[in-house]
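Please read the structure below before turning to the comments.
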Amino acid sequence: MRLEIDLGAIGDNARAVVERCAAHGLRVVGVTKGCCGQPAVARAMLDGGVVMLGDSRLDHVRRMRAAGIAAEMMLLRLPCPSRAEEVVALTEASLNTEPLTVRALSDQAVCRGLTHRVVLMVDVGDRREGVMPDRAVPTAKAFAACPGIELWGVGTNVACLSGVLPSVENSQLLLDVAREVERALGIRLAVVSGGSTATLKLLEQGQLPPGISQLRIGEAILLGTDTAHQRAVPGLRTDAFTLRGEVIELQKKPSRPEGILGRDAMGQQPHFADRGRRWRAIVALGEQDLRTGGLRPWPEGMTIIGASSDHLVVDVTEADPQPAVGSEIAFALDYGAMATGMASMGLQKIVRRERQPGEI
Ligand SMILES: *Cc1c(COP(=O)(O)O)cnc(C)c1O
């Protein structure tokens with residue numbers, strides 16, 4: 001089994017997103033966390049014109065640095081105070097809310113004779129990271145008082161923990177906070193970092209308030225999708241990632257189990273409709289490899305019945321052509337499947353330049 005990554009699709013998507021954002025005066029941070037900082041993917045994003053790379057984990061950043069990627073990088077997850085030294089050594093900027101952490105970053109930056117850029121995150125409704133808007137000015141003052149820190153801007157993140165969608169109102173709230181911080185501190189902020197893939201929809205509709213200057217985009221570039229709005233982003237490619245697994249059993253069986261039902265391997269109680277006897281393929285893949293709930297067999301005509309740790313069962317009765325034992329079934333992936341698959345030790349990852357026309 002292997003996870004194939006088509007760099008051509010990622011480069012095309014990065015270019016398209018960068019162009020679309022540039023037309024509205026926005027710069028793009030290319031977010032590599034979904035592919036664990038895969039260096040070839042990061043390079044494809046940079047070739048596509050992103051101004052900076054963003055990742056949530058220092059391990060991923062270290063992987064890209066070790067591969068020789070010198071581009072500016074932003075740490076997206078709030079830094080662990082205990083890792084301040086590495087944050088400053090490996091990245092140019094980070095998202096922050098806690099003065100204690102920023103003071104630790106400042107101390108490390110001063111030691112190294114450099115300045116670390118900080119974006120103050122503001123919670124406009126999703127209730128993950130971010131200070132509440134009324135805490136923005138005092139927190140910004142605390143950040144700006146640190147000698148090794150440049151208060152680079154303010155930012156927000158929605159559509160993650162709670163699925164709150166970006167809106168004109170919550171984008172405007174961030175802009176209001178930016179202006180308030182500028183007035184209170186007597187400075188100009190270089191960056192208003194308005195959101196992620198989910199914010200592209202406002203941009204397409206011409207509704208993103210002017211003044212937002214940066215978006216941090218991962219999913220749209222990697223997968224061409226926008227999970228928050230359950231859609232493919234118009235004009236982007238959705239074929240960058242393909243999972244292939246080998247068929248190890250192909251048998252015709254009743255579609256309902258027989259016997260007294262307890263719980264499955266993952267502690268769930270699945271339900272199966274009675275569709276008579278069906279051709280069922282077992283693919284050598286499972287929950288230990290990635291989130292199988294985010295897989296879609298390709299081409300269409302096959303359906304996933306379920307998975308345990310190491311076995312994925314697919315109804316292939318209507319598949320054309322019919323798979324055989326030893327042949328491979330291809331799957332498209334959603335964000336959860338991609339992110340867990342990329343982090344999985346057991347899955348081989350293969351980076352390809354560009355697929356051939358007609359190839360699946
Ligand atoms: C993951 C993440 C992003 C990118 O989100 P996508 O939906 O992949 O575009 C942006 N900002 C932060 C803080 C993130 O954690």
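First listed ligand is number 1; within each ligand, the first listed atom is number 1.
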Residue pairs passing the side-chain hydrogen bond (donor to acceptor under 3.5 Å, both in side chains) test with at least one member in residues 116-126, sequence neighbours excluded, are E72-R117, S94-H116, D123-R127
Strictly below 4.0 Å, N to O, side chains only: are D274 and R256 in salt-bridge contact? no
Would you call E19-R27 a salt bridge at under 4.0 Å N-O? no
The atoms of ligand 1 lying under 4.0 Å from a heavy atom of I217, numbered in the order shown, are 9 (O)
When distances are taken from atom 5 (O) of ligand 1, the protein heavy atom at minimum range is S196 CB, 3.3 Å
of all protein heavy atoms, closest to atom 12 (C) of ligand 1 is N157 OD1, 3.5 Å
Next on the checklist: Test your reading of the structure: does G218 have an N or O sitting under 3.5 Å from an N or O of ligand 1?
Outcome noted: yes
To atom 13 (C) of ligand 1, the nearest of R77, K33, E129, M74 on a heavy-atom basis is E129
Exactly one candidate in N13, T227, T197 meets side-chain hydrogen bond (donor to acceptor under 3.5 Å, both in side chains) with E219; the answer is T227
Here the atoms of ligand 1 under 4.0 Å from any heavy atom belonging to L95 are 13 (C)
| request: Answer yes when E258 and K253 have at least one side-chain N-carboxylate O distance shorter than 4.0 Å, and no when they do not. | output: no
shortest atom 4 (C) of ligand 1-to-protein heavy-atom contact is with R216 O, 3.5 Å
**Request:** For the pair E4 and R2, evaluate salt bridge (Lys or Arg N to Asp or Glu O under 4.0 Å) and give the outcome as yes or no after the intermediate values.
**Result:** CA-CA 6 Å; E4 292 179 357; R2 57 193 194 279; 3.2 Å; yes
Carboxylate-amine/guanidinium proximity below 4.0 Å for D12 and R237:
yes
Atom 8 (O) of ligand 1: closest protein heavy atom, distance to 0.1 Å, is E219 N, 2.8 Å
Logged contact type for T197 with ligand 1, heavy-atom cut-off 4.0 Å, is both
